[in-house]
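Fair warning: this is a prediction, and the values are worked out from it, not measured in the lab. Convention: sequence-line order gives letters A, B, ...; per-chain numbering from 1.
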2 protein chains.
Amino acid sequence: MKKTTLKDIAKALNVSVSTVSKALHDIPEISEETRILIQNYAKEKNYRPNYNALSLKNKRSKSIGVIIPNMLNYFYMQVLQGIEKEAASHGYRIMTTISNESYQKEVEIIDMLSTGSIDGFLLAISKETEENGEFSHFTDSVKFGFPIVMFDRVSEHVECDKIITDDLNASADAVSYLVKQGCKRIAFVSPLKSLSIGRLRFEGYKKGLEQNNLPLDPNLVINTNEPDYKQYDAMIRPLYEHKIDGIISTNESSALSAMKLAKEDGYKIPEDLAVISFANGILARNSHPRLTCVSQHGEIMGAVAAKKLIDKLEKRDDAKSFATEFIETDIVVRDSTR
Amino acid sequence: MKKTTLKDIAKALNVSVSTVSKALHDIPEISEETRILIQNYAKEKNYRPNYNALSLKNKRSKSIGVIIPNMLNYFYMQVLQGIEKEAASHGYRIMTTISNESYQKEVEIIDMLSTGSIDGFLLAISKETEENGEFSHFTDSVKFGFPIVMFDRVSEHVECDKIITDDLNASADAVSYLVKQGCKRIAFVSPLKSLSIGRLRFEGYKKGLEQNNLPLDPNLVINTNEPDYKQYDAMIRPLYEHKIDGIISTNESSALSAMKLAKEDGYKIPEDLAVISFANGILARNSHPRLTCVSQHGEIMGAVAAKKLIDKLEKRDDAKSFATEFIETDIVVRDSTR
DNA sequence: ATTTCATGAAAAAAACCACCTTAAAAGATA
DNA sequence: TATCTTTTAAGGTGGTTTTTTTCATGAAAT
């Protein structure tokens with residue numbers, strides 16, 4: 001079976017193509033009689049306009065390109081879900097791609113999608129790109145009329161809208177939260193040193209200590225770039241020789257590693273050691289004890305980012321001015337803190 | 001800045017549009033000199049043919065529509081990752097959508113994408129659709145020339161290619177594995193009663209018992225439809241009054257619930273109770289004890305499904321004949337079994 | 001009362017979007 | 001003149017939009 005086109009309808013009803021088009025758009029120059037006739041027939045044949053023809057004519061595809069660094073990440077999946085829902089509710093479809101943390105892949109994706117397939121990008125910068133500081137593929141894309149809204153992992157070197165977690169303050173708040181629990185020697189554990197989020201969370205940690213008149217002890221800081229598990233354990237273990245009573249970790253699995261090692265060293269959680277972690281994913285809900293988290297609201301971040309891009313595409317938002325929006329965090333208290 | 005079109009190049013070099021097109025396609029009837037000139041200019045201007053124009057002309061978009069019931073599912077994300085990689089390697093892009101387990105959403109998605117946006121579908125059937133047995137949107141789609149390859153959750157009522165886990169035999173194998181560990185009273189715990197995978201795993205459980213000459217004790221079977229956590233705990237708890245020594249669960253969180261309750265009842269894992277679960281996700285790797293799993297190779301499933309669809313689209317595969325392919329499972333041994 | 005012509009509605013035709021294909025024409029060479 | 005190369009022009013993809021054409025009506029003129 002073949003999809004019905006305007007031409008098919010025109011031929012069947014013995015009218016011209018333009019008459020059909022106008023009738024379906026309720027344009028008044030078509031007589032009531034003809035219009036009803038055409039509309040009924042179109043409905044009967046389940047007519048749907050061809051998307052490619054529309055895109056070609058309108059110079060916009062009502063599609064959004066999404067670049068995710070890594071799909072096996074609960075937070076990004078929440079963001080993606082938020083994007084998909086928001087986009088769908090505005091009649092946009094999304095093309096999902098994975099950069100796999102590779103700069104080269106990012107370049108290829110942008111090149112491949114900048115051909116009328118999409119109207120703009122939603123993306124989180126890959127690790128490699130963030131490390132090598134090469135952002136011209138993004139700025140070029142914007143120059144060629146494909147607006148970008150970055151989420152979570154952003155760069156100050158690209159002029160575009162950005163939606164991020166207020167990592168700095170969230171981190172500082174986490175410190176304050178632990179202090180209220182009575183913690184005095186709070187460690188910071190992060191494998192995200194080279195990412196902007198890693199830096200901000202570390203800054204927030206320092207700010208939090210300062211706000212609470214606690215000293216910054218370098219012995220209590222593990223700030224590194226994704227080591228393998230064994231290395232990581234070896235780095236974390238010495239912490240426990242410093243009588244710590246609180247840990248802030250920038251991701252879930254760090255927190256789990258730290259808790260595992262702490263238990264081996266005889267710490268009781270949360271009595272001797274309170275643990276709070278960024279990223280409120282599946283692990284946090286299912287760990288023993290269940291993790292207290294700085295919850296990042298990925299779905300909201302995705303929805304906000306999508307909305308922002310769509311506003312830009314539909315000119316409800318000034319194309320020349322860019323804003324950075326912060327998504328609030330919550331502390332979800334579970335069993336790893338008192 | 002504006003994207004370069006064939007017309008732009010033609011005007012700039014003072015030749016006709018078709019000359020440019022032919023030159024870029026290395027068609028021999030264009031002179032060496034002209035060809036080089038045009039190709040260089042095109043490269044310089046970073047010319048890319050417009051996707052919509054191509055799709056319109058060729059009546060194919062080189063895009064695949066993917067319908068996932070739920071994004072916050074590690075297994076489906078592995079599948080999606082496999083799909084994306086395989087598709088990208090063949091020059092296909094994917095449009096990712098979420099049915100959110102809803103029949104209505106599924107219908108809308110198919111309707112929205114069957115407009116030239118995509119050439120075919122990769123999908124896992126939503127729970128609601130599987131329950132109400134209404135599949136005409138799928139069969140219609142196939143009739144209208146949009147082939148479907150189903151993965152994981154499939155239906156025997158739709159004629160199309162299917163890629164599934166060999167759930168029945170995987171489940172039977174899991175029983176045999178536990179029996180080899182010395183288990184004699186093996187329980188089956190599943191919240192997926194109404195899904196085809198749930199049924200098959202239960203069949204496999206029964207087959208496995210039979211193969212090992214063990215009786216089927218209804219007291220050892222919890223087969224239900226997604227209860228809430230508390231209900232579920234209440235259903236599982238009575239198991240431990242029946243002196244079970246093994247558990248097969250059809251999903252990770254069931255296994256974790258069961259292990260939690262078992263520990264509360266004084267069972268030691270894996271000494272008193274061996275636990276094996278379907279779905280080899282993040283939870284399994286991070287639980288205490290770490291879960292032995294029937295690993296499903298989601299990425300392979302995605303890649304195989306994508307390959308199958310692309311073969312069909314490019315007529316390397318007979319459009320009229322449909323096959324069901326099984327993806328092998330492995331048992332990944334961790335600490336919840338001996 | 002008949003013809004003429006303006007008016008306006010309704011419908012059809014044509015142009016355009018960017019690209020590809022193919023048939024035809026032009027030009028060069030033998 | 002015939003043959004071969006190179007270029008041009010036309011037509012098609014499905015839709016929207018602008019321009020043209022058609023046709024009926026009614027008023028004014030004969």
**Student:** Does a side-chain N or O of B:Tyr47 approach OP1 or OP2 of C:dC19 to a distance below 4.0 Å, or not?
**Tutor:**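 It does, given that an N or O in the side chain of B:Tyr47 lies less than 4.0 Å from OP1 or OP2 of C:dC19.
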
**Student:** Between D:dG15 atom P and A:Arg48 atom CZ, what is the distance in whole Å?
**Tutor:**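 So the CZ-P distance, A:Arg48 to D:dG15, works out to 12 Å.
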
**Student:** Is it the case that C:dA13 (base atoms only) and A:Ser18 (side chain only) share a donor and an acceptor within less than 3.5 Å, ignoring hydrogens and angles?
**Tutor:**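 Yes, a donor-acceptor pair under 3.5 Å.
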
**Student:** Among D:dG14, D:dG15, D:dT8, find the nucleotide with the atom closest to the side chain of B:Thr19.
**Tutor:**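 Within the option list, the nearest is D:dT8.
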
**Student:** Per the atom types in the model, does the base of D:dT8 pair as donor or acceptor with the side chain of B:Lys22 at under 3.5 Å?
**Tutor:**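 Pair found.
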
**Student:** Check whether any side-chain nitrogen or oxygen of A:Ser16 sits under 4.0 Å from OP1 or OP2 of C:dA13, and answer yes or no.
**Tutor:**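 False: A:Ser16 side-chain N/O out of range (4.0 Å or more) of C:dA13 OP1/OP2.
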
**Student:** Please give, in whole Å, the distance from C:dA18 C1' to B:Leu24 CG?
**Tutor:**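 Atom-to-atom, B:Leu24 to C:dA18, this comes out as 13 Å.
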
**Student:** With a 3.5 Å cut-off and no angle check, do the side chains of B:Asp8 and B:Tyr47 form a donor-acceptor pair?
**Tutor:**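 No, B:Tyr47 and B:Asp8 have no side-chain donor paired with an acceptor closer than 3.5 Å.
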
**Student:** Report yes if the side chains of B:Leu309 and B:Asp161 come closer than 4.5 Å at any heavy-atom pair, otherwise no.
**Tutor:**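 Counting from C-beta outward, B:Leu309 and B:Asp161 never come under 4.5 Å.
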
**Student:** Between P on C:dA13 and CD1 on A:Ile30, what's the gap in Å once rounded to a whole number?
**Tutor:**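 Distance, rounded to whole Å: 13 Å.
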
**Student:** Kindly point out which of C:dA12, C:dC19, D:dT8 is positioned nearest to the side chain of B:Asn50?
**Tutor:**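 My answer, after comparing the listed nucleotides, is C:dC19.
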
**Student:** Check the distance between D:dT6's C1' and B:Asp26's CG and give it to me in whole angstrom.
**Tutor:**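 Going from B:Asp26 (CG) to D:dT6 (C1'), I get 16 Å.
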
**Student:** Can you tell me if the side-chain N/O atoms of A:Lys59 get under 4.0 Å from OP1 or OP2 in C:dA18?
**Tutor:**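 True: A:Lys59 side-chain N/O within range (under 4.0 Å) of C:dA18 OP1/OP2.
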
**Student:** Considering just the side-chain nitrogens and oxygens of A:Ser31, establish if one lies under 4.0 Å of OP1 or OP2 belonging to C:dA10.
**Tutor:**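 False: A:Ser31 side-chain N/O out of range (4.0 Å or more) of C:dA10 OP1/OP2.
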
**Student:** Between D:dG15, C:dC17, D:dT7, which nucleotide gets closest to the side-chain atoms of B:Glu29?
**Tutor:**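 Given the options D:dG15, C:dC17, D:dT7, the side chain of B:Glu29 is closest to D:dT7.
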
**Student:** Indicate the ring-plane relationship of A:Phe151 and A:Tyr76, choosing parallel, tilted or perpendicular according to the 30° and 60° boundaries.
**Tutor:**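 Ring orientation, 0 to 90° scale: perpendicular.
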
**Student:** As a test of understanding, state which of B:Thr129, B:Ile109, B:Asp111 forms a side-chain contact (heavy atoms from CB on, under 4.5 Å) with B:His137.
**Tutor:**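 The side-chain contact (heavy atoms from CB on, under 4.5 Å) with B:His137 is passed solely by B:Thr129 among B:Thr129, B:Ile109, B:Asp111.
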
**Student:** Any donor-acceptor pair under 3.5 Å joining the side chain of A:Lys57 to the base of C:dC16?
**Tutor:**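 Answer yes: a donor N or O sits under 3.5 Å from an acceptor.
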
**Student:** Using side chain to side chain contact (heavy atoms under 4.5 Å, CB included), reason through A:Glu131 and A:Tyr103 one step at a time and then give a plain yes or no.
**Tutor:** CA-CA 10 Å; A:Glu131 277 159 13; A:Tyr103 165 75; over 6 Å; no

